[in-house]
Structures are given as C-alpha cells and as structure tokens.
Amino acid sequence: MPEVTAITPQKKPGRLNIFIDGRFAFGLNEEDLYKSGLKTGQVITEDDISRLKKVNDEGKVLENILHFLEFRPRSEREIRTHIKNYYFRKKKSESEEEVGLIIENILVRLSRLRLLDDRSFAVWWLEQRQNSGRPQGKWRIKLELAQKGISREIIDEVLASSGANEFDLALKAVRRKLPAYIKLPVREGNLKITRYLLGRGFSAATVREVTKQVFADLLSPSDLG
C-alpha cells in the first residue's frame, strides 16, 4: 500500500509537498492538509491519492480566483466563466461534469468567505459608474449589470435604492464638454449633447431637461421641444 513518506513546505507560503513512497505525488495548501488529516508514515489508498489530487486542483483554482478578486469585485457569472477558462487551460482532459463540480465547490467556499454576492457587486458597480468623473445613466448601468449576469430583480432593487439624481448625473457627465459645445451653432451643440448623453445611458427625458438647462437662453421654444 502507498505510504506518505514526507511532507515538506514549498517555496510558496502556505503550500506543502506530499511525497508518496519517496516520490513527489502532489501538493496541498495548509487548510486542505489539515482537513485531510494526512501525516508522515500514513498508509493511504490509490483512491485517497486520486481524491487529494483533485482537492489540490481545486485549491489551486481557488487561489487563482482569490487573485482574480483582488482587482475588483466580481459577479457570480464572471467567476464561473473565469474558472472554466482557467481550468480548461490547465486540465484540458477534464469533463464538463467534473469542472462543473469544482465550480460549485468553489462557489460554496467563496460564499462562506462572503466573496460571492451579486447584490453587493451590483451596488459597487452602480457606485463606480455614478461617482466617476463621467457618470453613466441608469439604462447603461442596467445593460452592463445584465451582461454581468445580475438578475433583473437585483438590478431593479439596487437602482431603486440609489439616491442619485439622474439630471444632476447627466449634467456632471457633460460638463467638461460644455465649453466646446456651446460655442457651436445652437442646433449642432444641442445635437452633440443629446448624442453624448444618450450614449452614456441617460433617458431621453433626462437629456431633454439637460439641454433645456444648458441652452435656455439660446434656444427658441421650438428648439427645446
């Protein structure tokens, strides 16, 4: 029967090498080693070795995901996609079913660590888009969140709870461009503002209010619509 002959630290902090019958067999992080109860001199089966190798694979994927999360919060869909892309690069022979099981296990672990929460992600995304130097309107934000896999219920809830004023955000978004736009012929300037704000996801009603504010003294009533 195979025997664990040595457990030694790797250069990477928190990871250890497991030697079976004098030869390196696989690595484990400290948490997974503790949970496995593996010790030097222990006799293990081939099934145990196979299982622990999968635990090691899952641990590596988790480490990669934690690094992925260092840059910014992620939605569940983003994490699922990243795991699939990462895992199939490393283990091209694995089946969809095996990878699917690994994904679900990692998502459970991330949830326990409070690193997987689509509502919190949506709130963060909304704040980033509204508090930037060039804010975006709710329609652009809705589209972006939907593309990130956020449910319509969460999107509607988060947007409804936001205290931001769309008119103020639109005015802030276009403010840097106003000096150039108001020097143009009135209709051309009005059109550029309209295109710009619609492109940033503001509603037609909000855009009309902004153009009225900007060109109030320059446009005729028919221009203002």
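Bear in mind the structure is a predicted one, so any value in this text is a computation, not a measurement.
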Distance check, rounded to the nearest 0.5 Å: Trp125 atom CH2 versus Leu145 atom CG?
7.5 Å

When you check the gap from the basic side-chain N to the acidic O, do Arg80 and Glu104 get nearer than 4.0 Å?
yes

Start with the C-alpha gap between Glu188 and Lys183, add the side-chain angles, then the distance that decides, and say whether salt bridge (Lys or Arg N to Asp or Glu O under 4.0 Å) holds.
CA-CA 10 Å; Glu188 184 180 349; Lys183 292 178 181 179; over 6 Å; no

Distance-only, no hydrogens or angles: does the Asp118 side chain make a donor-acceptor pair with backbone N or O of Glu76 under 3.5 Å?
yes

Hphob cluster co-occupancy, Val55 + Val61, side-chain heavy atoms under 4.5 angstrom
no

Any side-chain heavy-atom pair from Lys60 and Arg15 closer than 4.5 angstrom?
yes

When you measure from the side chain of Glu127 to the backbone N and O of Trp124, does any donor-acceptor pair fall under 3.5 Å?
no

For residues Ile193 and Ile182: do they belong to one hydrophobic cluster (side chain heavy atoms under 4.5 Å, members Ile, Leu, Val, Met, Phe, Trp, Tyr)?
yes

Closest approach of Ser120 and Asp117, non-hydrogen atoms and distance?
OG-OD2, 3.0 Å

Side chain Arg200, main chain Arg134, donor-acceptor under 3.5 Å:
yes

Salt bridge (Lys or Arg N to Asp or Glu O under 4.0 Å) assessment of Asp32 paired with Lys54
CA-CA 11 Å; Asp32 289 331; Lys54 288 188 179 297; over 6 Å; no

Pro73 and Glu78: which non-hydrogen atoms are nearest, and at how many Å?
O-OE1, 4.3 Å

Could you give the distance from CG (Leu107) to CG (Leu110), rounded to the nearest 0.5 Å?
6.0 Å

If you group Ile, Leu, Val, Met, Phe, Trp and Tyr by side-chain heavy-atom gaps below 4.5 Å, do Val207 and Leu184 land in one group?
yes

Going by heavy atoms in the side chains, are Lys192 and Arg187 under 4.5 Å from each other?
no

Return the CG to NZ distance between Leu159 and Lys138, rounded to the nearest 0.5 Å.
7.5 Å

Taken to the nearest 0.5 Å, the spacing of Lys142 NZ from Ile150 CD1 works out to 14.5 Å

In terms of side-chain geometry, is the basic nitrogen of Arg119 or Glu157 positioned less than 4.0 Å from the acidic oxygen of its partner?
yes

Between Ser162 and Gln130, is a side chain to side chain donor-acceptor pair (under 3.5 Å) present by the stated rule, with each step listed?
CA-CA 10 Å; Ser162 171; Gln130 290 185 337; 3.2 Å; yes

Could you walk me through whether Thr45 and Asp48 pass the side chain to side chain donor-acceptor pair (under 3.5 Å) check?
CA-CA 5 Å; Thr45 66; Asp48 288 333; 3.2 Å; yes

Can you name the nearest heavy-atom pair linking Ala122 to Ile154, along with the distance?
CB-CG2, 4.0 Å

First locate atom CD1 of Ile79, then atom CD1 of Ile106, and finally report the distance between them rounded to the nearest 0.5 Å.
10.0 Å

Please check: side-chain N/O of Ser50 versus main-chain N/O of Glu46, any donor-acceptor pairing under 3.5 Å?
no

Side-chain heavy atoms of Val4 within contact of Phe19, under 4.5 Å
no

Side-chain heavy atoms of Ile65 within contact of His82, under 4.5 Å
yes

Any sub-3.5 Å donor-acceptor pair from Ser75's side-chain atoms to Lys148's backbone N or O?
yes

Heavy-atom count check: over 12 atoms from other residues, nucleotides or ligands less than 6.0 Å from Arg72 CZ?
yes

Counting C-beta onward and ignoring hydrogens, is there a side-chain heavy-atom pair between Arg74 and Leu116 closer than 4.5 Å?
no

Out of Leu38, Leu28, Leu33, which residue meets the side-chain contact (heavy atoms from CB on, under 4.5 Å) rule with Leu16?
Leu33

Closest heavy-atom contact between Val210 and Ala170?
CG2-CB, 3.7 Å

Given the rule that I, L, V, M, F, W and Y join up when any side-chain heavy atoms are under 4.5 Å apart, are Leu66 and Ile103 in one cluster?
yes

Students often mix this up, so state it plainly: with edges at 30° and 60°, are the rings of His67 and Phe71 parallel, tilted or perpendicular?
perpendicular

Stepwise salt bridge (Lys or Arg N to Asp or Glu O under 4.0 Å) test for Arg129 and Glu144:
CA-CA 10 Å; Arg129 292 301 187 261; Glu144 290 179 342; 3.0 Å; yes

Say whether Trp139 and Ile141 are linked into one hydrophobic cluster, either directly or through other cluster members, by side-chain heavy-atom distances under 4.5 angstrom.
no

Mind checking whether Thr211 and Thr194 have side chains closer than 4.5 Å, heavy atoms only?
yes

Closest heavy-atom contact between Asp21 and Pro2?
OD2-CA, 3.6 Å

Identify whether NZ of Lys or CZ of Arg in Arg140 sits under 6.0 Å from the centre of the six-membered ring of Phe202 and within 45° of that ring's axis.
no

For the residue pair Ile18 and Ile20, establish whether any side-chain heavy-atom pair is separated by less than 4.5 Å.
yes

Lys35 NZ to Asn29 CG distance, which is reported to the nearest 0.5 Å
8.5 Å

Taking all non-hydrogen atoms of both residues, which atom of Glu166 and which atom of Thr206 are closest, and how far apart?
O-CG2, 3.7 Å

For Val158, does its backbone N or O pair with a side-chain atom of Ser161 as donor and acceptor, under 3.5 Å?
yes

Would you mind reporting whether Val214 and Leu178 have side-chain heavy atoms less than 4.5 Å apart?
yes

